[in-house]
Amino acid sequence: MKNSETTTPKAIKGTGYLTGALIGIVAAVAAFAITENIAIAIPLLAGLTIPVGMSIERKLQSENGGKGKHADKLMIALISIGVLFFFSLIFITKFI
(Lines give C-alpha, C1' and ligand atoms only; values in the text may rest on other atoms or scores of the structure.)
Protein backbone atom coordinates (compact mmCIF):
# COMPACT_ATOMS: atom_id res chain seq x y z
CA MET A 1 0.00 0.00 0.00
CA LYS A 2 1.34 3.41 -0.94
CA ASN A 3 1.76 6.16 1.58
CA SER A 4 -0.48 9.08 0.82
CA GLU A 5 1.19 12.43 0.93
CA THR A 6 -0.67 15.46 2.13
CA THR A 7 -0.03 18.50 0.05
CA THR A 8 -1.27 21.94 0.71
CA PRO A 9 -2.51 23.62 -2.44
CA LYS A 10 -0.75 26.87 -3.18
CA ALA A 11 -2.32 29.61 -5.17
CA ILE A 12 -0.97 30.19 -8.63
CA LYS A 13 0.98 33.40 -9.04
CA GLY A 14 -1.32 36.11 -10.30
CA THR A 15 -4.49 34.82 -8.64
CA GLY A 16 -4.60 37.82 -6.31
CA TYR A 17 -4.29 40.25 -9.20
CA LEU A 18 -7.13 38.54 -11.07
CA THR A 19 -9.30 38.60 -7.95
CA GLY A 20 -8.52 42.29 -7.46
CA ALA A 21 -9.42 42.98 -11.08
CA LEU A 22 -12.73 41.17 -10.64
CA ILE A 23 -13.51 43.18 -7.50
CA GLY A 24 -12.59 46.42 -9.28
CA ILE A 25 -14.78 45.61 -12.29
CA VAL A 26 -17.76 44.75 -10.09
CA ALA A 27 -17.28 47.96 -8.08
CA ALA A 28 -16.99 50.07 -11.25
CA VAL A 29 -20.13 48.55 -12.76
CA ALA A 30 -21.98 49.07 -9.48
CA ALA A 31 -20.82 52.69 -9.32
CA PHE A 32 -21.91 53.26 -12.91
CA ALA A 33 -25.29 51.65 -12.20
CA ILE A 34 -25.82 53.81 -9.12
CA THR A 35 -24.53 57.15 -10.41
CA GLU A 36 -24.83 56.72 -14.20
CA ASN A 37 -21.57 58.65 -14.45
CA ILE A 38 -18.66 57.03 -16.26
CA ALA A 39 -16.28 59.66 -14.90
CA ILE A 40 -16.61 58.09 -11.45
CA ALA A 41 -16.55 54.46 -12.58
CA ILE A 42 -13.23 54.61 -14.47
CA PRO A 43 -11.11 56.07 -11.62
CA LEU A 44 -12.79 53.67 -9.22
CA LEU A 45 -11.76 50.76 -11.42
CA ALA A 46 -8.19 51.99 -11.75
CA GLY A 47 -7.82 52.97 -8.11
CA LEU A 48 -9.36 49.84 -6.64
CA THR A 49 -8.04 47.08 -8.89
CA ILE A 50 -4.30 47.48 -8.36
CA PRO A 51 -4.13 47.92 -4.54
CA VAL A 52 -6.67 45.21 -3.80
CA GLY A 53 -4.95 42.83 -6.20
CA MET A 54 -1.56 43.53 -4.65
CA SER A 55 -2.85 42.96 -1.12
CA ILE A 56 -4.60 39.71 -2.03
CA GLU A 57 -1.52 38.49 -3.91
CA ARG A 58 0.70 39.29 -0.94
CA LYS A 59 -1.61 37.36 1.38
CA LEU A 60 -1.72 34.35 -0.94
CA GLN A 61 2.03 34.20 -1.56
CA SER A 62 3.26 34.83 1.98
CA GLU A 63 3.75 31.75 4.07
CA ASN A 64 3.97 33.52 7.40
CA GLY A 65 0.77 35.45 8.06
CA GLY A 66 1.99 36.92 11.37
CA LYS A 67 4.37 39.47 9.91
CA GLY A 68 3.28 42.92 8.87
CA LYS A 69 0.65 43.76 11.48
CA HIS A 70 1.34 47.45 10.94
CA ALA A 71 0.79 47.00 7.21
CA ASP A 72 -2.54 45.29 7.87
CA LYS A 73 -3.72 48.19 10.03
CA LEU A 74 -2.60 50.66 7.37
CA MET A 75 -4.40 48.70 4.66
CA ILE A 76 -7.64 48.63 6.67
CA ALA A 77 -7.38 52.37 7.22
CA LEU A 78 -6.78 53.04 3.52
CA ILE A 79 -9.67 50.84 2.45
CA SER A 80 -12.03 52.53 4.91
CA ILE A 81 -10.94 55.97 3.69
CA GLY A 82 -11.54 54.83 0.12
CA VAL A 83 -15.03 53.58 0.95
CA LEU A 84 -15.87 56.87 2.67
CA PHE A 85 -14.54 58.80 -0.34
CA PHE A 86 -16.62 56.63 -2.69
CA PHE A 87 -19.82 57.25 -0.74
CA SER A 88 -19.06 60.96 -0.56
CA LEU A 89 -18.71 61.04 -4.37
CA ILE A 90 -22.06 59.28 -4.71
CA PHE A 91 -23.63 61.75 -2.29
CA ILE A 92 -22.19 64.72 -4.16
CA THR A 93 -23.32 63.50 -7.60
CA LYS A 94 -26.82 62.51 -6.47
CA PHE A 95 -27.83 65.37 -4.20
CA ILE A 96 -25.87 68.37 -5.37
Side-chain angles (χ1 to χ4, degrees):
M1 188 188 264
K2 292 184 178 181
N3 290 338
S4 61
E5 293 181 20
T6 58
T7 58
T8 57
K10 284 197 167 186
I12 301 170
K13 286 190 176 185
T15 305
Y17 294 116
L18 291 175
T19 306
L22 182 66
I23 291 170
I25 289 169
V26 169
V29 169
F32 181 73
I34 292 170
T35 63
E36 297 179 359
N37 191 354
I38 195 75
I40 292 175
I42 292 173
L44 179 67
L45 173 70
L48 189 65
T49 301
I50 296 169
V52 170
M54 287 174 61
S55 65
I56 293 173
E57 184 72 21
R58 183 177 60 99
K59 290 286 185 184
L60 290 176
Q61 297 300 326
S62 69
E63 295 177 2
N64 187 7
K67 63 180 181 179
K69 290 183 180 181
H70 179 69
D72 290 340
K73 288 180 183 178
L74 180 64
M75 188 177 312
I76 290 170
L78 288 174
I79 289 172
S80 62
I81 290 170
V83 168
L84 288 173
F85 182 69
F86 173 67
F87 284 122
S88 67
L89 281 176
I90 291 175
F91 178 75
I92 288 170
T93 58
K94 282 288 187 180
F95 298 115
I96 293 179

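By convention here, the first residue in the shown sequence is residue 1.
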For the side chain of Glu57 and the backbone of Gly14, is there at least one donor-acceptor N/O pair under 3.5 Å apart?
yes
Taking atom CD1 of Ile92 as the centre, does the number of heavy atoms from other residues, nucleotides or ligands within less than 6.0 Å exceed 12?
yes
Hits for side chain to side chain contact (heavy atoms under 4.5 Å, CB included) against Ile23, two or more places apart or cross-chain, chain-then-number order -> Thr19, Leu48, Val52, Ile56
Side-chain donor-acceptor distances from residues 36-47 under 3.5 Å, at least two apart:
unit_1, atom_1, unit_2, atom_2, d
Asn37, OD1, Ala39, N, 3.1

